[in-house]
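See structure below.
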Amino acid sequence: MKISQFFLPTLKEAPSEAQVISHQLMLRSGMIKQSSAGIYSWLPLGFKVLKKIEEIIRCEQDYIGGQEILMPTIQPADLWIESGRYEDYGQEMLRIKDRSNRDLLYGPTNEELITDIFRTHLKSYKDLPLLLYHIQWKFRDELRPRYGVMRGREFLMKDSYSFDLDMNQSRLTYQKNFLSYLRIFSKLGLKAVPVKANPGPIGGDLSHEFVILAPNGESDIFFDKKLLEFESISKDIFLDKNLVEKEYNKWAKCYAVTDDIHNEKEYNKLTTPENRVNSRAIEVGHVFYFGTKYSKSMGANLINNKGEQLPVHMGSYGIGVSRLVGAIIEYSHDDKGIIWPENVAPFSVGILNLKKGDEYCDKMSELVYQNLLIAGLEVLYDDTSERAGSKFANMDLIGLPYQVFIGSKSKDNGLFEIKERATNKRYFLKLESLINHLTEKFN
RNA sequence: CGGGGAGUAGCACAGCCUGGUAGUGCACUCGCUUUGGGAGCGAGGGGUCGGAGGUUCGAAUCCUCUCUCCCCGACCA
């Protein structure tokens, strides 16, 4: 993509409505436009990142046997009355009436819908286990939306729902999802910490939050530093349920809790002093085993191999996809702008033609651009007539992992200068090695 | 929902107290000079001052109502 053709409305100054850094950077880099409190339009740059995150999640969820579906945003009130949550959810739920005066709602979550799908179509233990997920917009009418997309009223969420015959099998499913989440966050370039959490109004007795450390986070957590040092989860682990359990236990037995259930005595017993960390954190995922809470109230039963009717055991697993965009920026930025982890960057490489109008630089920039495109990379080429300084500032702001400079230095030495955004390392390469170097990074 | 703050050009803000036909910087358009870290000079375009009502000869400015946005708290992925 050439910047001259790309809709990228960047700003030198942040709008005063934005207080936290990720919100400011998202507005300045032209990723989003606020529509009303907690509701945003996603512009091309932001939407690309959102889709990258989705795709990483999809890939990992499919790997552990998840099947993607898509449920509606607008749901009938009847199902919620049946589960008993129509009253419980309160003002956060956006209630709507259609032209026939039927009660509808904009879904804040999807347990009722999925349970309804399940009970309609699945009747036998032979149909299990089943893991369904979808990535869909939700709406919760928060009292006070804030922090940009990190706490919007409308937000994109991946939610999965698991169905198992009994608690033991459901726990294994829980463990698999737990490990899958660790893989997802690691691929997103984040060190996520799984903390034991209060399951809250959604119910259940086994629950973890996945948080990433950031000073602007809404949670306050206490945890064992070991959790930041474990190696990432290998795909092979999922092939053997003993390995799953072993790996899960390694993580789950470490002390890590939110402040509301923090216990100083236990903390001191289970951790060494140098490993104790207390930090603000942003919740980006949440996993629950909630057993038969919905299946009982909504009659989602199965017949086991003895012909008995039993309520199905369920779990649910959420990731705040749109929130993650803000959270990643909170986690990875500097005073110049965003520093995208390679897997979620909206483009892999930015090309800066520093002497637009100079025959050599124009020709070489175009050549590098074409070659990188042919190599299959996502490239943003700044072909505008802006001054060099403003191109540097703009490219640093939008945070692409690699920048290629073509200007008077290239003209003198016939080489191309690469800058790594995260480390600020710079080096000069010939065209061929530049293409190879960048291609290797992204394959 | 309780407490606080703010709505003036795309963005940041001044003007309001003390009423007199709306301004600055950035951005945008044109010209000249510049050109490796957000250039300089010159010339332009763009605002019924959030909305409604009132006071007044006259309202961005004073009064009333209202809408919206932001911050702190309680609540939440």
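The sequence lines fix the lettering, A, B, ..., with proteins before strands; numbering per chain opens at 1.
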Can you tell me if [X] touches the phosphate of [N], counting only side-chain N or O atoms and a distance under 4.0 Å to OP1 or OP2?
X: A:Ser16; N: B:A6; value: no
X: A:Arg323; N: B:A77; value: no
X: A:Arg146; N: B:C70; value: no
X: A:Gln19; N: B:C72; value: no

In whole Å, what separates the [atom1] atom of [N] from that of [M]?
N: B:C32; M: B:G37; atom1: C1'; answer: 24 Å
N: B:G73; M: B:G54; atom1: C1'; answer: 37 Å
N: B:G10; M: B:G47; atom1: C1'; answer: 12 Å
N: B:A14; M: B:G25; atom1: C1'; answer: 11 Å
N: B:U35; M: B:G23; atom1: C1'; answer: 32 Å
N: B:G45; M: B:U29; atom1: P; answer: 15 Å
N: B:C70; M: B:U48; atom1: C1'; answer: 26 Å
N: B:A6; M: B:G15; atom1: P; answer: 12 Å

May I have the distance from [X] (atom [atom1]) to [N] (atom [atom2]), rounded to whole angstrom?
X: A:Asp335; N: B:G38; atom1: CG; atom2: P; result: 14 Å
X: A:Asp334; N: B:G37; atom1: CG; atom2: C1'; result: 14 Å
X: A:Leu11; N: B:C13; atom1: CG; atom2: P; result: 13 Å
X: A:Gln91; N: B:G2; atom1: CD; atom2: C1'; result: 16 Å
X: A:Tyr40; N: B:C69; atom1: OH; atom2: P; result: 10 Å
X: A:Asp396; N: B:G36; atom1: CG; atom2: P; result: 16 Å
X: A:Arg28; N: B:G38; atom1: CZ; atom2: C1'; result: 10 Å
X: A:Leu8; N: B:A27; atom1: CG; atom2: C1'; result: 14 Å

B:G25 base / A:Glu13 side chain donor-acceptor hit below 3.5 Å
yes

Any N or O donor-acceptor pair linking the side chain of A:Glu417 to the base of B:G36 at under 3.5 Å?
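A donor-acceptor contact between them is present.
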
Check every strand shown and say whether [X] touches a base, only sugar-phosphate, or nothing at a heavy-atom separation below 4.0 Å.
X: A:Gly407; value: base
X: A:Ala388; value: sugar-phosphate
X: A:Glu218; value: base
X: A:Gly152; value: base
X: A:Ser322; value: nothing
X: A:Ala18; value: nothing
X: A:Gly389; value: sugar-phosphate
X: A:Glu17; value: sugar-phosphate
X: A:Lys411; value: nothing
X: A:Asp159; value: nothing

[X] side-chain proximity, nearest of [options]:
X: A:His286; options: B:A77, B:U34, B:C75; value: B:A77
X: A:Ser410; options: B:C69, B:C11, B:G36; value: B:G36
X: A:Leu397; options: B:G38, B:A12, B:C70; value: B:G38
X: A:Asn394; options: B:C72, B:C70, B:G38; value: B:G38
X: A:Glu92; options: B:C69, B:C75, B:C11; value: B:C75
X: A:Gln34; options: B:G38, B:C70, B:A77; value: B:C70

Any stacking of A:Phe392 on B:G38, going by centres under 5.5 angstrom and planes within less than 30 degrees?
no

Taking atom OG1 of A:Thr173 and atom CG of A:Leu131, what is their separation to the nearest 0.5 Å?
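Going from OG1 on A:Thr173 over to CG on A:Leu131, the span is 7.5 Å.
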
May I ask which nucleotide in the shown strands pairs with [N], Watson-Crick or G-U wobble, both distances under 3.5 Å?
N: B:A14; result: none
N: B:G38; result: none
N: B:A52; result: B:U64
N: B:A74; result: none
N: B:C57; result: B:G20

Begin from the C-alpha positions of A:Glu342 and A:Arg421 and carry the test salt bridge (Lys or Arg N to Asp or Glu O under 4.0 Å) through to its verdict.
CA-CA 10 Å; A:Glu342 293 182 7; A:Arg421 177 67 179 87; over 6 Å; no

Will you find, in the side chains of [X] and [Y], an N or O donor that is under 3.5 Å from an N or O acceptor?
X: A:Lys33; Y: A:Ser35; answer: no
X: A:Tyr427; Y: A:His437; answer: yes
X: A:Tyr133; Y: A:Asp62; answer: yes
X: A:Asp383; Y: A:Gln5; answer: no
X: A:Glu60; Y: A:Ser180; answer: no

Contact nearer the 5' end of RNA chain B, comparing A:Gly38 with A:Lys355
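Nearer the 5' end of the strand: A:Lys355.
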
Nearest-nucleotide comparison on RNA chain B, the residue closer to the 5′ end among A:Lys12 and A:Arg144
A:Lys12

Just checking, A:Lys441 and A:Tyr402: is the charged tip under 6.0 Å from the six-membered ring centre and within 45° of the axis?
no

So A:Tyr369 and A:Tyr381, would you call those rings parallel, tilted or perpendicular, with 30° and 60° as cut-offs?
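Rings of A:Tyr369 and A:Tyr381: tilted, as their planes differ by 30° to 60°.
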
